[in-house]
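Below: the structure, in structure tokens.
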Amino acid sequence: MSSARLPIPAYRGRFAPSPSGQLHFGSLIAALGSYLQAKSSQGFWQVRIDDIDPPREVSGAAQDILQTLKAYGLKWDGEVSYQSQRNAAYENTLAWLDAQGLTYACACTRKIIKQRGGVSLNCCHDKQLHLAGNALRINLQKKAKVVDHFSDRLQGTVFLNNLEAKDDFIIKRKDGLYAYNLAVVVDDIEQGITEVVRGADLLDTTGKQISLYQLLNIQPPHYVHLPVAVTSPGQKLSKQNHALAIDKDNPIPTLIKALDFLGHKINNDVDTRSCATILQWATKNWSLDKIPRQREIQI
Ligand code: GLU
């Protein structure tokens with residue numbers, strides 16, 4: 001029997017929801033945009049459940065998110081992965097960073113950080129504190145260059161707040177949980193993600209993630225940050241502000257609305273009787289050039 005192997009797609013994208021609630025219109029935009037960007041590039045689209053923060057997790061949300069994706073015809077490739085099963089990989093990376101002198105413990109409280117405008121000012125850098133009861137920060141001082149801007153395929157050159165760009169960010173929290181910026185980089189590397197497509201609310205974290213790639217000597221993926229749905233300026237739809245879950249039983253109107261939001265208004269001659277035919281049309285007609293180059297769109 002011949003064992004012809006399927007070619008490995010060059011493009012690998014992902015949707016990485018946190019299971020802190022059901023899928024709402026805002027998260028559908030990230031799911032749909034990342035799906036269409038992958039499928040129009042003949043690529044792989046993976047789903048990863050970012051469940052590294054149990055206190056924020058809502059029981060049953062992960063399952064509900066997967067059922068909603070299915071109801072909208074968004075079929076993922078391969079197995080769904082779960083960050084909660086990846087502790088060994090995060091520990092390995094932390095151990096490697098530690099061996100290079102790239103980490104240190106920090107005792108700053110939330111209150112102190114808030115008083116300093118959200119940055120630590122790297123004040124524990126030389127204190128040689130023990131990790132127990134403290135947060136672990138990355139030591140960016142060893143980097144040759146500060147990541148104060150990056151290139152986004154939709155937003156263009158994105159400039160980052162200089163003070164934040166230089167601030168050693170947390171990679172393991174005081175409560176022992178792995179920080180989002182560490183987990184996302186370790187997993188995107190392991191999954192071979194070539195392009196990250198997500199909401200523009202995560203633009204600020206991208207500089208931190210690129211810094212981590214550089215310290216790990218690994219090429220970062222490309223980035224596409226999609227406009228975020230807001231109810232008023234700065235007020236994004238989120239699970240925290242109780243955005244309504246999207247309708248699983250009648251997905252077509254919401255799918256069409258999401259495509260419209262992304263600058264892909266469906267033509268009158270498209271067969272809109274199923275999510276599959278709509279997605280087929282959208283994959284064929286998908287172009288980053290049609291997406292509004294905004295960070296927020298009011299709905
Ligand atoms: N899990 C993150 C969230 O739901 C997104 C992670 C990412 O796309 O990098 O906000």
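Indexing begins at 1, ligand by ligand and atom by atom, following the structure's order.
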Just distance, no hydrogens or angles: give the donor-acceptor pairs under 3.5 Å from side chains in residues 249-269, sequence neighbours left out.
{"residue": "His264", "atom": "ND1", "partner": "Leu262", "partner atom": "O", "Å": "2.9"}
{"residue": "His264", "atom": "NE2", "partner": "Ser287", "partner atom": "N", "Å": "3.0"}

- Task: Specify side chain, backbone, both or neither for Tyr180, according to which of its non-hydrogen atoms lie closer than 4.0 Å to ligand 1.
- Result: side chain

Going by atom type alone, with no hydrogens or angles, which donor-acceptor pairs under 3.5 Å involve a side-chain atom of residues 218-228 and a protein atom two or more places apart or on another chain?
{"residue": "His225", "atom": "ND1", "partner": "Asp152", "partner atom": "OD2", "Å": "2.7"}
{"residue": "His225", "atom": "NE2", "partner": "Arg198", "partner atom": "NE", "Å": "3.0"}
{"residue": "His225", "atom": "NE2", "partner": "Thr206", "partner atom": "OG1", "Å": "3.2"}

- Task: Verify the distance criterion only: is there a donor paired with an acceptor across the side chains of Tyr104 and Gln128 at less than 3.5 Å?
- Result: no

- Message: Distance under 4.0 Å to a non-hydrogen atom of Asp50: what atoms of ligand 1 satisfy this?
- Response: 1 (N), 2 (C), 6 (C)

- With atoms numbered from 1 as shown, which atoms in ligand 1 lie under 4.0 angstrom from a non-hydrogen atom of Ser18? 1 (N), 2 (C), 3 (C), 4 (O)

- Answer side chain, backbone, both or neither: which part of Leu202 comes under 4.0 Å from ligand 1, heavy atoms only. side chain

- Message: Side chain or backbone, does Ala16 bring an N or O within less than 3.5 Å of an N or O on ligand 1?
- Response: yes

- Query: On the ring face of Phe44, is Arg12 found with NZ or CZ under 6.0 Å from the centre and within 45° of the axis?
  - Reply: yes

- Query: Between Gln209 and ligand 1, which part of the residue brings a heavy atom under 4.0 Å of the ligand: side chain, backbone, both or neither?
  - Reply: neither

- Spell out, yes or no, whether Leu129 and Phe169 are grouped together once hydrophobic residues are joined by side-chain heavy atoms under 4.5 Å, including indirect joins. no

- Task: Would you mind listing which atoms of ligand 1 come within a distance below 4.0 Å of any non-hydrogen atom of Arg198?
- Result: 7 (C), 8 (O), 9 (O)

